[in-house]
Every structure is written in C-alpha cells, then in structure tokens.
Amino acid sequence: MPSTDARSLLMTVVPTAAAGAIAAVIAAVVAGGKGAVGAIVATLVVILFMGCGIVVLQRTAKHFPQLFQAMGLMLYTTQLLVLFVFVAVFKDTTLFNPKAFAATIVAATVVWVAAQARAFMKAKILYVEPESSDTRKGEKTGLSS
C-alpha cells in the first residue's frame, strides 16, 4: 500500500475509532455494559468493513483505472446495504444492546465517509503522471525507451 493510501486510511480510521469510543461511553451510560459492547462491536464492524472496501478499491484503481469510478459507486452502495443487513440480523440479539449497535453503525459510517472525504481533499495526489525527460526525447526521435 503506497504511503498516501496508508495515510488516508489512517486519517479515516482514527476519527471513526474516536467516534466509536465516544459512542461506547454514551451507550454505557444510557444502556449499561451491553450498550457499550454493542457500540464497540459496531465500531469494529464499520472499521473492518469499510477498511477492506478501501483496499479493494485501491487495488481496482491500480489494475483497472477505467473502472475506478463505477467500482467506487458500487462498493459504497454495497457497503451501506450490507451494514443495514448487519443491523437487521442483530436486531434481536441478547449479546449486546441492538439499539446502541444500530446507532453506532450509523454514526461511525457517517464519520468514516466524512473523514474519508476530508482525507482525499487534503491528499496531494497527482492525477497526471509526469513524464521523464528521457521519455519525451524518445518520442521526438521515434525511439522508445
């Protein structure tokens, strides 16, 4: 993973983890220990799931740059739908508080998307590959390097 990708991933994981910690404290106060467990599990689900999505998207961009935009749209739509499935599957669980789980999934996902947008806006990523001087000389003379 290139350093810019790792940096942008870090800039999304840290705020999401912080939001999850805040949600766990609030859930512990409101719903007790099961609420805190639900908030922690939800935060981990969002971080792992969205993080895997970023890795898949970066690999797609590397190998198939023409599919990047369509893959990104499909990936985010799928991620949101699967997170709704997580909420539906765990709505009757007794392992943790399902309301705290659902609220934290929504909050952590919103924080993740906002932090990711901010990270990409702050990143200095070249959108045009600069050519080296050797490549330009080869094109002028008809030689390839």
Side-chain angles (χ1 to χ4, degrees), residues 1-136 138-139 144-145:
M1 178 179 284
S3 64
T4 57
D5 295 339
R7 193 174 313 124
S8 67
L9 187 61
L10 183 67
M11 290 175 67
T12 55
V13 169
V14 171
T16 305
I22 292 167
V25 169
I26 292 170
V29 170
V30 173
K34 286 193 174 194
V37 171
I40 291 168
V41 170
T43 303
L44 291 176
V45 165
V46 169
I47 289 173
L48 290 175
F49 197 67
M50 300 296 253
C52 289
I54 292 254
V55 171
V56 167
L57 192 59
Q58 289 169 348
R59 289 190 182 203
T60 300
K62 187 177 192 180
H63 297 294
F64 305 105
Q66 69 275 14
L67 296 177
F68 180 71
Q69 187 173 13
M71 181 69 173
L73 181 60
M74 184 187 75
L75 179 71
Y76 289 125
T77 304
T78 304
Q79 284 176 329
L80 291 177
L81 290 174
V82 171
L83 287 175
F84 283 129
V85 168
F86 268 103
V87 171
V89 166
F90 290 112
K91 74 178 179 181
D92 295 325
T93 187
T94 58
L95 298 173
F96 49 77
N97 186 314
K99 289 183 181 179
F101 178 76
T104 305
I105 276 194
V106 170
T109 302
V110 168
V111 169
W112 179 279
V113 171
Q116 187 178 18
R118 184 179 184 277
F120 282 117
M121 289 180 70
K122 293 278 186 183
K124 295 185 175 32
I125 300 171
L126 296 174
Y127 58 90
V128 175
E129 295 286 330
E131 293 183 20
S132 67
S133 59
D134 294 336
T135 304
R136 278 187 252 143
E139 288 177 2
S144 62
S145 47

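The shown structure was predicted, so the numbers you read here are calculated from the model rather than taken from an experiment. These values consider heavy atoms only, across backbone and side chains, with no hydrogens, waters or symmetry-generated copies. Just so you know, residue 1 is the first one in the sequence shown, and it goes up from there.
- Looking at heavy atoms from C-beta onward, Leu80 lies in side-chain contact with Thr109 at the 4.5 angstrom threshold.
- Atom CD1 in Ile22 sits 11.0 Å away from atom OG1 in Thr104 (nearest 0.5 Å).
- For Asn97 against Gly35, the heavy-atom pair with the smallest separation is CB-CA, 3.6 Å.
- You'll find the side chain of Phe68 reaches within 4.5 Å of the side chain of Leu57, heavy atoms only.
- Classified by interplanar angle (parallel below 30°, tilted 30° to 60°, perpendicular above 60°), the ring pair Phe49/Phe86 is perpendicular.
- Nearest heavy-atom pair, Ala102 versus Val87, reported as atom, atom and distance to 0.1 Å: CB-CG1, 3.8 Å.
- For the pair Met71/Val56, a side-chain contact is recorded, criterion being any heavy-atom separation below 4.5 Å from C-beta on.
- From Ile40, atom CD1 reaches atom CG of Leu44 across 7.5 Å, with rounding to the nearest 0.5 Å.
- How far CD1 of Ile54 is from CH2 of Trp112: 5.5 Å, rounded to the nearest 0.5 Å.
- Nearest heavy atom pair, residue Ala36 against residue Ala27, reads N-CB, 3.9 Å.
- At most 12 heavy atoms of other shown residues, nucleotides or ligands fall within 6.0 angstrom of atom CD in Gln69.
- Distance check, rounded to the nearest 0.5 Å: CZ of Phe90 to CZ of Phe101 gives 5.5 Å.
- One finds the CE atom of Met50 at 9.0 Å from the OG1 atom of Thr12 (value rounded to the nearest 0.5 Å).
- Residues Ser8 and Ala119 share a closest heavy-atom pair of O-CB, 3.9 Å.
- Between the NZ atom of Lys99 and the NZ atom of Lys91 there is a distance of 12.5 Å, given to the nearest 0.5 Å.
- The shortest non-hydrogen separation linking Ala42 to Ile105 is CB-CG1, 3.5 Å.
- In plain terms, the two heavy atoms of Thr16 and Ala108 that are nearest each other are CG2-O, 3.8 Å.
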